[in-house]
Amino acid sequence: MIQRIRRLGGRGCDLLESLGRASIFLMQSAMGMPSREGLYLWLRQMHFIGVLSLAIVLVSGLFIGMVLSLQGYTILVDFGAEDALGQMVALSLLRELAPVVAALLFAGRAGSALTAEIGLMKATEQLTSMEMIGVDPLRRVVAPRLWAGFVALPLLTVGFGVVGIYGGYLVGVDWLGVFEGSYWSNMQASVDFVDDVGNGIIKSLVFALVVTWIAVFQGYDLVPTSEGISRATTRTVVYSSLAVLGLDFVLTAVMFGGLA
Amino acid sequence: MFVNFTGMVEPMSDTPFVAVEGLHFVRGDKEIFRGVDMTIQRGGVTAIMGPSGSGKTTLLKLIGGQLTPDAGRVLIDGQDVHRQSRRALFTMRRRMGMLFQSGALFSDLSVFENVAFPLRVHTDLPEAMVRDLVLMKLEAVGLRGARGLMPSELSGGMARRVALARAVALDPELILYDEPFVGQDPISMGVLVQLIKRLNQALGLTSIVVSHDIKETLSIADYVYVIADGRVMAHGTPESLDVDQDPRVSQFVHGEPDGPVPFHYPAMDFVSDMLSTGDPR
């Protein structure tokens with residue numbers, strides 16, 4: 001029994017310690033941007049993290065919008081309320097699905113790649129050799145990736161939302177025959193820019209920070225063996241997904257649940 | 001004359017360039033160093049040798065300031081490596097070069113850009129001069145023609161030579177070699193041996209070579225430290241080690257399979273082990 005309590009305490013301490021390390025790591029890396037070269041490195045990472053994630057995010061957005069529209073229609077039509085389809089699709093996407101699903105896809109596509117890339121650089125001593133050359137890898141390797149992730153995910157989320165609403169339009173209006181005017185005008189009347197679009201973007205900023213932070217930290221902190229890299233990559237996806245879903249609940253409660 | 005880390009010119013002296021004093025280092029439950037003392041003179045090639053797992057690479061990392069000792073200190077040109085701020089340590093490292101076992105070339109940069117990397121981040125030289133310097137360094141290691149290749153296109157020996165060119169790009173005063181000969185074919189091994197010796201003489205470097213390749217290392221070293229069991233087991237010139245009477249030194253230097261370092265991993269008596277029917281492990 002004592003053993004178990006001791007083990008539990010030990011785990012707690014380990015967890016706190018790694019949280020502390022991760023926070024110091026975040027502080028140190030977040031500061032490393034301003035130089036002109038930093039801008040170039042950031043742009044490069046924007047390409048790898050953002051542009052290359054576009055396809056998966058946009059295609060998923062399109063399908064999710066289409067499914068949402070299809071499911072929504074079958075329910076709304078029972079009440080003769082299919083005119084509210086645009087409102088339903090837009091609100092679900094902007095408030096919840098776009099930030100959350102884009103963040104989950106981002107964790108799987110870009111987060112795991114970040115962890116594996118930084119981990120491999122660690123395993124092949126590239127980070128150590130950079131340190132020995134007198135260049136701080138936190139500024140040179142980690143900071144551009146962290147900032148690129150922080151900027152890229154909110155942009156991807158906006159793309160996801162736009163394409164999703166268009167997907168809903170394709171199914172709802174073109175296929176199921178909802179009146180086009182009511183699809184758009186109901187959406188226009190009920191979506192508030194600050195409350196819905198703004199809060200969705202705030203959510204995606206929080207998710208962007210958390211997912212990228214987890215990904216780069218897992219890469220930087222891993223055991224530099226092939227097994228260590230594979231474990232850290234898995235951890236990135238698992239931790240990011242849980243963090244995104246958990247934080248989404250908290251943020252939703254504060255933003256839309258009347259807790260604020 | 002030598003220019004020290006603070007940029008002041010001082011006369012050449014007999015004070016050691018690198019001094020390791022009473023170094024203790026523990027990793028996990030294992031005590032890796034139990035009081036290591038070393039002095040490394042300027043301008044020579046000092047070899048640190050020892051069996052695998054004796055902590056040679058760890059020692060280099062302690063000298064380079066990547067690890068912090070549990071007790072003792074490392075002085076480079078009179079300055080304690082582990083009492084520097086992060087910024088001061090990075091400034092100090094500009095005067096050091098390190099050649100890693102794997103070469104550790106940046107995989108997203110070409111050979112040319114890898115060698116240019118230290119020049120670009122630490123100097124404001126015009127592009128034409130960077131080009132000239134990089135080509136000079138690559139010429140010195142015989143790979144000027146390979147400047148357009150990516151690290152993935154190089155053989156192990158070539159990668160290590162490019163890494164050597166990168167390590168000397170800023171004309172360091174001290175260069176640390178981590179197992180430079182491991183896994184090399186005889187030709188690239190010979191090339192590397194020659195390069196280390198020649199660069200040391202031509203550039204007036206202080207070199208520390210960590211290795212367990214006895215023949216190659218002894219052929220270029222001016223002074224040798226043998227470490228085992230967390231301590232310096234022996235030190236001296238290559239000639240004096242060759243005739244050392246200590247059985248542990250003799251076993252290592254002459255590569256005898258059995259001796260004070262046993263061939264067998266500790267186990268129970270062989271006959272009783274064979275006759276027992278218990279746990280298969």
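Fair warning: this is a prediction, and the values are worked out from it, not measured in the lab.
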Contacts of type side chain to side chain donor-acceptor pair (under 3.5 Å), residue D185(B), not counting sequence neighbours: S188(B)
Between P118(B), G64(B), S107(B), which has the largest tally of heavy atom pairs under 4.5 Å with chain A? S107(B)
Are any side-chain N or O atoms of N114(B) and backbone N or O atoms of S110(B), one a donor and one an acceptor, separated by less than 3.5 Å? yes
On a heavy-atom basis, which atom in R160(B) and which in P180(B) lie closest, and how many Å separate them? NH1-O, 2.8 Å
Does any donor atom in the side chain of K197(B) or S207(B) lie under 3.5 Å from an acceptor atom in the other side chain? no
Return all side-chain donor-acceptor pairs below 3.5 angstrom for residues 98-115 of chain A, not counting sequence neighbours, or 'none' if the list is empty.
from    : atom 1 : to      : atom 2 : distance (Å)
S112(A) : OG     : G108(A) : O      : 2.6
T115(A) : OG1    : G111(A) : O      : 3.1
T115(A) : OG1    : A215(A) : O      : 3.0
T115(A) : OG1    : T236(A) : OG1    : 2.6

Kindly state each residue pair satisfying side-chain hydrogen bond (donor to acceptor under 3.5 Å, both in side chains) with at least one member in residues 115-129 of chain B, sequence neighbours excluded. R94(B)-H122(B), E113(B)-R120(B), R120(B)-E127(B)
Output, in order, the C-alpha distance, side-chain angles, deciding distance and verdict of salt bridge (Lys or Arg N to Asp or Glu O under 4.0 Å) for D221(A) and K122(A). CA-CA 9 Å; D221(A) 202 49; K122(A) 185 177 181 181; 5.4 Å; no
Looking at T124(A), L120(A), V135(A), which one has more heavy-atom pairs under 4.5 Å with chain B than the rest? V135(A)
Give me the contact list for residues 52-66 of chain A versus chain B, heavy atoms only, anything under 4.5 Å, ordered by residue number. none
Heavy-atom cut-off 4.5 Å, strictly under: side chain, backbone, both or neither for M121(A) against chain B? neither
Examine whether an atom of L176(B) lies under 4.5 Å from a heavy atom of chain A, and if so say whether it belongs to the side chain, the backbone or both; otherwise answer neither. side chain
For the residue pair R144(B) and E139(B), establish whether any side-chain heavy-atom pair is separated by less than 4.5 Å. yes
